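The structure appears right after this line, and notes come after that.
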2 protein chains.
Amino acid sequence: MTDAALRQIETDEVSPEARPATRTLSVVDRIRTAVLAGEFEPGTRLHEVRLSERLGVSRTPIRSALQSLASEGMLEYTPNRGYSVRRFSTAEIVDAYEIRAVMEALAARFAAERGLPEAERAAIERVLAEGDEILAARDLGEEEKLAYTAVNTTFHEAIHSAARCRMLGDMIRVCHSVPHSSHRNVVSFEHMDVRRRHDDHHRIYDAILACDPYRAEMLMREHVASVKTSLVRALSGRPMARRGRS
Amino acid sequence: MTDAALRQIETDEVSPEARPATRTLSVVDRIRTAVLAGEFEPGTRLHEVRLSERLGVSRTPIRSALQSLASEGMLEYTPNRGYSVRRFSTAEIVDAYEIRAVMEALAARFAAERGLPEAERAAIERVLAEGDEILAARDLGEEEKLAYTAVNTTFHEAIHSAARCRMLGDMIRVCHSVPHSSHRNVVSFEHMDVRRRHDDHHRIYDAILACDPYRAEMLMREHVASVKTSLVRALSGRPMARRGRS
DNA sequence: TCAAGCGATAATGTATACACATGAGGGCTG
DNA sequence: CAGCCCTCATGTGTATACATTATCGCTTGA
C-alpha cells in the first residue's frame, strides 16, 4: 500500500504534464512501453495478478488495459486462458510493411486531394530543412541518427494528420505495434539509403503541394515499401531478428 | 452448481451451434447486432447500468464488451464519460470505402502472389456459378437480391482468407463496422451495376488464378472504389442516408 | 436579470470477493 | 505397470460495493 502510493507519486513527478485521465490508460501506456522495450519475450503470458502487484493497481484496470492492447494487436487473447505477448513471424512483419505502405500512400493521396493545412505545411518544411542539415555531414553519429529518426517521424505524422481521416490514422497506428514496422525505427542508416529516403520526402511534399494525388500516393507507397526491402536484406543478413534498441 | 449446469444446458438448447465462451463475448455480439440493426440512434450514450439491467448481466462484462466495440470503431469512448454510438459523417463513410478498396486490393494481390488454396478456389468457383445463375434472370426479386448478397459476401471473404494475413483481415473487418461500407450491403441492384460487378468478380478470379498480382490488385481496387461512386450517387439522390434494412 | 459558484445526483472508475474453467499431479483400477 | 479419473491448485470471469468524476439545477450576489 505504502509502496504503491510512493510509486504513484514517483510517476507523477516524472511526468507532471501529461498524466492519463484514468489508471487504465496509464497502465496501457506502461505495459505497451514494456512490451515494445522487449521486457517480455514473445509468447509470455501476462498474468493479471502479477501485473497488478507489479504496477500497484487492482486487476480491474489491468484487465481493461490488456484488452486494449490485445485489440491493438500487441497481445493475444484466449478465453479463459488470458493474454500473452503476441509472437510475430517474419512474414507478418513484412506483411505489416505492405499494409503500412498502402495506408500511408492513401494518406498522402488524401493530403494532396484535400490540401495541406498551414500547421502541417510548416511542420513538414521545418523537418525537411532540418533533415537537409543533418544529412549535409558526411557521416552520422549516434546523435544525428536519433535526430533524423525524429525528423522522419514528424514528417510522416504530419501527413497522417493532413489526411484528415481518423480511421486511416488509427489503422496506421496499429501497424506500428508490429515490431520493426514503424517509422520510429529507421531500419538502415547507410548513406545512400537515408539520403534517398530523404529525397523521397522532398518529392512527396512537392507532389502534395502540387495537388497531385496520384504521384503523392505512388511515391509514398514506394517509399515505405522500399524500407521493407531494406528490412528483408537486413533480416536475411542476420537470420534472427534482434529486438530492442537499434 | 446444479443451477449453473441447468442454465448452461438451457443456453445450449437456445443456440446449439455457436455458444460464446464467456458472457462478455455474448454481450459483444448482442450489442453489436443491436447497433447494426439501428436500435440506437448515432450519438446515443450507452449507459452501463441500463444495459446491464436490460441484458441481465453485471456491469463487468458490459464494460468489457463496450470497450471491445469501441476498439472496433463502432462506439466512441470518452474517459469518465462513457461510451456512445459513433456518428459517421458522409465523408467518413466514403473514406471507409477508399480504405477498404486499398485493403481488399492488397488482399487480392497477396492471394495472387501466394496462390489460391483449394478450399477457397472451390468456394469462389461455386459462388461465381451461382451468381451467373441468379443474374441469368432478367429482373431480380427480393429473394434473388438476398441470394446475390450472400454470393458477394462469400466471394470477398474467400479472398480475404486466401490472402493469409491476419492483420489485413482484421482491418478489413473494421471497415465493415462503418454503416453502408460493407459488401454485405449490395448498394445498388440496378441491372448494369450488378452485372458489371459480377463480371469484375470473374476477372479478379482469373487474375488470381493466373498469379497476376498487379492485375488482381488493380481490378479489386477499382471494383470496390466503383461501389463508392454508386454510393455517392445514391446519397446525393436522397440527401439523408437511411439506416437499417435495405 | 444574469452570471458564477456550489452542492446534489447520477454515472463511470476502481477494488475486492466469489464463481467457474483449465491443467497437472497423484491415486485407484483393470 | 499402464491408463483413467478424480482432486486440487492456479488463474480467469463475474458480481458487487465503494471512490471519484461529471453534470445539472439552485442559490446568491452583482
Side-chain angles (χ1 to χ4, degrees), chain A residues 1-9 11-12 18-31 40-41 43-71 74-86, chain B residues 1-12 15 18-31 40-41 43-71 74-86:
Chain A
M1 198 55 183
T2 327
D3 187 44
L6 279 175
R7 201 175 307 126
Q8 198 65 20
I9 291 165
T11 308
D12 277 352
R19 184 166 44 83
T22 67
R23 279 179 217 198
T24 297
L25 296 175
S26 147
V27 170
V28 167
D29 275 349
R30 293 210 267 169
I31 299 182
F40 304 99
E41 283 300 303
T44 307
R45 270 187 63 181
L46 296 180
H47 298 269
E48 299 173 0
V49 183
R50 289 180 212 171
L51 279 174
S52 82
E53 284 163 1
R54 173 168 165 182
L55 300 182
V57 299
S58 81
R59 274 181 58 213
T60 306
I62 298 282
R63 277 179 70 80
S64 184
L66 291 175
Q67 195 185 329
S68 272
L69 293 168
S71 74
M74 174 171 288
L75 305 180
E76 205 140 13
Y77 171 69
T78 313
N80 290 313
R81 291 198 46 189
Y83 298 84
S84 54
V85 178
R86 179 155 164 201
Chain B
M1 195 58 183
T2 327
D3 186 45
L6 278 176
R7 198 178 311 126
Q8 202 65 11
I9 290 165
E10 193 177 55
T11 310
D12 277 349
S15 62
R19 179 170 47 84
T22 67
R23 279 178 216 198
T24 297
L25 295 176
S26 149
V27 170
V28 167
D29 275 349
R30 292 210 268 168
I31 299 181
F40 304 99
E41 285 299 304
T44 307
R45 269 186 65 181
L46 296 180
H47 298 269
E48 298 173 0
V49 183
R50 292 181 210 171
L51 279 174
S52 83
E53 283 163 2
R54 173 168 165 181
L55 300 183
V57 300
S58 80
R59 273 179 60 212
T60 307
I62 298 281
R63 277 178 69 80
S64 184
L66 291 175
Q67 196 185 330
S68 272
L69 293 168
S71 73
M74 172 171 291
L75 304 181
E76 205 140 12
Y77 171 69
T78 313
N80 290 314
R81 291 198 43 192
Y83 298 85
S84 55
V85 178
R86 179 156 166 199

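Note on naming: letters A, B, ... go to the chains in the order of the sequence lines (proteins, then strands), and numbering restarts at 1 for each one. Just so it is clear, the model here is predicted, and its values are computed rather than measured. Below, all heavy atoms of this structure are taken into account, side chains as well, without hydrogens, waters or symmetry copies.
Set against D:dA22, C:dA21, C:dT14, the side chain of A:Pro61 has C:dT14 as its closest nucleotide. Side-chain proximity of B:Arg81 to the nucleotides D:dA22, D:dG13, C:dG13 is greatest for D:dA22. Side chain of A:Arg23, nearest nucleotide from D:dT12, D:dT21, C:dT14: C:dT14. Which of D:dG13, C:dA11, C:dT14 sits closest to the side chain of B:Arg63 comes down to C:dT14. Here the nucleotide nearest the side chain of B:Thr22, chosen from C:dA11, C:dT14, D:dG13, is D:dG13. The nucleotide whose nearest atom lies closest to any side-chain atom of B:His47 is, among D:dT12, C:dG13, C:dA11, C:dA11. Here the side chain of A:Arg50 is nearest to one of C:dT14, C:dG13, D:dG11, namely D:dG11.
With respect to A:Glu76 and A:Arg86, no salt bridge is recorded, no charged nitrogen being found less than 4.0 Å from a carboxylate O.
Summarising the geometry, the separation between CD on A:Gln67 and P on C:dT14 is reported as 14 Å, rounded to the nearest angstrom. In this structure, A:Glu48 places its CD atom 12 Å from C1' of D:dT10, rounding to the nearest Å. For the pair B:Leu25 CG and C:dA21 P, the interatomic distance rounds to 14 Å; values are reported in whole Å. Between the C1' atom of D:dT14 and the CG atom of B:Leu51 lies a distance of 17 Å, rounded to the nearest Å. With rounding to whole Å, A:Glu53 atom CD is found 14 Å from C:dT16 atom C1'. The nearest whole Å value for the distance from the CG atom in A:Leu66 to the P atom in D:dG11 is 14 Å. Remark: P of C:dA10 and CG of B:Asn80 are 18 Å apart, rounded to the nearest angstrom.
Residue B:Thr24 is classed as a sugar-phosphate contact, given heavy-atom separations below 4.0 Å to backbone atoms only. Using a 4.0 Å heavy-atom criterion, one finds that B:Tyr83 contacts no nucleic acid atom at all.
Of the side-chain N and O atoms in B:Ser58, one or more sit less than 4.0 angstrom from OP1 or OP2 of D:dA15.
B:Arg30 places a side-chain N or O within 3.5 Å of a backbone atom of B:Leu55 that can act as its donor or acceptor partner.
You'll find the side chain of A:Ser84 stays beyond 4.5 Å of the side chain of A:Leu75, heavy atoms only. With a 4.5 Å cut-off on side-chain heavy atoms, B:Arg59 and B:Val49 count as touching. The shortest distance between side-chain heavy atoms of B:Leu66 and B:Leu51 falls below 4.5 Å.
Between B:Thr60 and B:Val49, it is B:Val49 whose nearest contact on DNA chain C lies nearer the 5' terminus.
A donor-acceptor contact under 3.5 angstrom links the side-chain atoms of A:Arg59 to the base of D:dG13.
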